[in-house]
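Taking it in order: structure first as structure tokens, then the write-up.
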There are 2 protein chains.
Amino acid sequence: MTRSDEEAVSRFVERFAAEMTEAGMQRMAARVFAALLASENASLTSAELAEQLVISPAAVSGAIRYLTQVGMVAREREPGTRRERYVLHNEIWYETFTRRDQILTRWEKVLREGADTLGPDTAAGARTAETADFFAFLQDEMTSMLDRWRERKEARGAQS
Amino acid sequence: MTRSDEEAVSRFVERFAAEMTEAGMQRMAARVFAALLASENASLTSAELAEQLVISPAAVSGAIRYLTQVGMVAREREPGTRRERYVLHNEIWYETFTRRDQILTRWEKVLREGADTLGPDTAAGARTAETADFFAFLQDEMTSMLDRWRERKEARGAQS
DNA sequence: CGCTCATTTCACAAACTTGTGAAGTTAAGG
DNA sequence: CCTTAACTTCACAAGTTTGTGAAATGAGCG
């Protein structure tokens with residue numbers, strides 16, 4: 001891989017990280033995630049990440065803590081060394097969106113309670129109940145959508 | 001509506017706003033949005049918002065600027081007064097998720113370019129291309145999902 | 001036309017976030 | 001067990017964001 005290839009990859013990493021950051025993800029977590037995505041084995045060591053992204057070990061540590069907490073990355077101890085490897089889960093999107101589902105459940109619950117408070121005889125209550133309905137609907141759809149994606153993957157014999 | 005009802009509504013507004021904030025929305029925008037959702041006509045004036053949320057007119061102005069920019073709220077001049085009303089769009093979720101679709105398109109494009117840079121013969125390239133596929137798939141599913149929601153609404157003769 | 005009230009803009013203070021260097025902790029390997 | 005490499009935690013400086021008060025803008029209404 002030439003010098004300029006590396007630069008092109010780095011540009012991609014930064015660009016994709018920027019998109020994720022804009023969507024609300026922590027900056028360092030997004031950069032680490034993107035670097036892992038673009039790495040040959042979907043895995044890098046702390047030192048590799050620090051070097052590639054030009055950040056301190058502390059920043060890597062913080063980003064990894066976040067990414068493991070939300071279940072996007074796993075830690076693996078390299079056997080025979082004292083080095084740790086961070087690995088992208090290989091059904092990343094499936095898992096990430098499944099988790100998002102739990103957020104929708106919480107939203108729905110809050111909205112349902114709000115609708116009760118406002119009362120079914122008020123426009124506000126009806127509107128809030130309908131919003132709760134929408135999120136319930138979303139949860140359902142999400143589940144079947146992910147099933148369809150998984151099927152499609154299996155048909156093609158690939159990972160996700 | 002009694003004093004304690006008002007308090008209960010306010011608690012709901014704050015709770016739902018907190019959920020949205022956690023998901024990445026600006027705090028004031030989330031609070032204003034939640035207040036509008038819980039208001040009888042899905043609309044409030046600047047003064048009403050400022051009073052209810054105990055914030056300055058400047059904060060209301062900023063939140064409304066954001067909400068109108070992302071298309072979640074419309075401004076309406078009350079005829080016969082110099083007061084402005086801010087109104088929730090009534091197909092809010094439909095519209096909001098349609099907009100989100102455009103973000104997915106951008107992500108897909110960045111990922112597609114990344115896959116090209118990495119090359120189709122590398123694991124990283126294949127993985128990135130598959131991620132792009134996932135987002136393309138999502139866009140598709142999103143569209144048909146929203147169609148189904150709209151149908152369902154129409155069947156019940158309600159708004160969203 | 002000019003007054004007045006509603007909204008917006010602006011400069012700033014406070015609070016929060018981010019990333020770092022350095023010290024602390026842990027565990028592999030002698 | 002002691003050394004040392006690898007990671008984590010911590011305190012802090014820098015940078016950003018947030019919400020405010022006050023001044024500016026603008027639009028109804030007389």
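Just the heavy atoms: all of them, side chains too, but no hydrogens, waters or symmetry mates, feed the values below. Note that the coordinates shown come from a computational prediction; the quantities given were computed from them, not determined experimentally. The chains referred to below are lettered A, B, ... by the order of the sequence lines, with proteins before strands, and numbering in each begins at 1.
- Defined by atom type and a distance below 3.5 Å, a donor-acceptor pair is missing between the side-chain atoms of A:Arg83 and A:Thr45.
- In this structure, the CZ atom of A:Arg83 is 5 Å from the P atom of D:dA6, given to the nearest Å.
- A:Ser144 contributes atom OG, which lies 10.5 Å from atom CD of A:Glu151 (distance to the nearest 0.5 angstrom).
- In this structure, B:Glu78 places its CD atom 12 Å from P of D:dG28, rounding to the nearest Å.
- Among the candidates A:Met28, A:Arg75, A:Met25, A:His89, the single residue satisfying the side chain to side chain contact (heavy atoms under 4.5 Å, CB included) test with A:Leu67 is A:Met25.
- D:dA6 atom C1' lies 17 Å from atom CD of A:Glu76, rounded to whole Å.
- Nucleotide D:dC7 holds its P atom 18 Å from the CE atom of A:Met28, rounded to whole Å.
- Ring geometry, A:Phe33 versus A:Phe16: the interplanar angle falls from 30° to 60°, so the pair is classed tilted.
- Across the protein-nucleic acid pair, A:Arg85 atom CZ and D:dA5 atom P stand 20 Å apart, rounded to whole Å.
- Residues A:Gly62 and A:Arg82 both approach DNA chain D. Their nearest nucleotides, taken by heavy-atom distance, put A:Arg82 toward the 5′ side.
- Spacing between atom OH of B:Tyr66 and atom C1' of D:dG19 amounts to 17 Å, rounded to whole angstrom units.
- One can place CZ of A:Arg77 at 8 Å from C1' of D:dC7, the figure rounded to the nearest angstrom.
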Side chain to side chain contact (heavy atoms under 4.5 Å, CB included) for B:Glu141 and A:Arg148? Distances and angles first, verdict last. CA-CA 10 Å; B:Glu141 290 280 328; A:Arg148 282 194 290 280; 2.4 Å; yes
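- A nucleotide of DNA chain C counts as in contact with chain B when one of its atoms lies under 4.0 Å from a heavy atom; the first and last such, 5' to 3', are C:dT4 to C:dT9.
- As rounded to whole Å, 16 Å separates atom P of D:dA6 from atom CD1 of A:Ile64.
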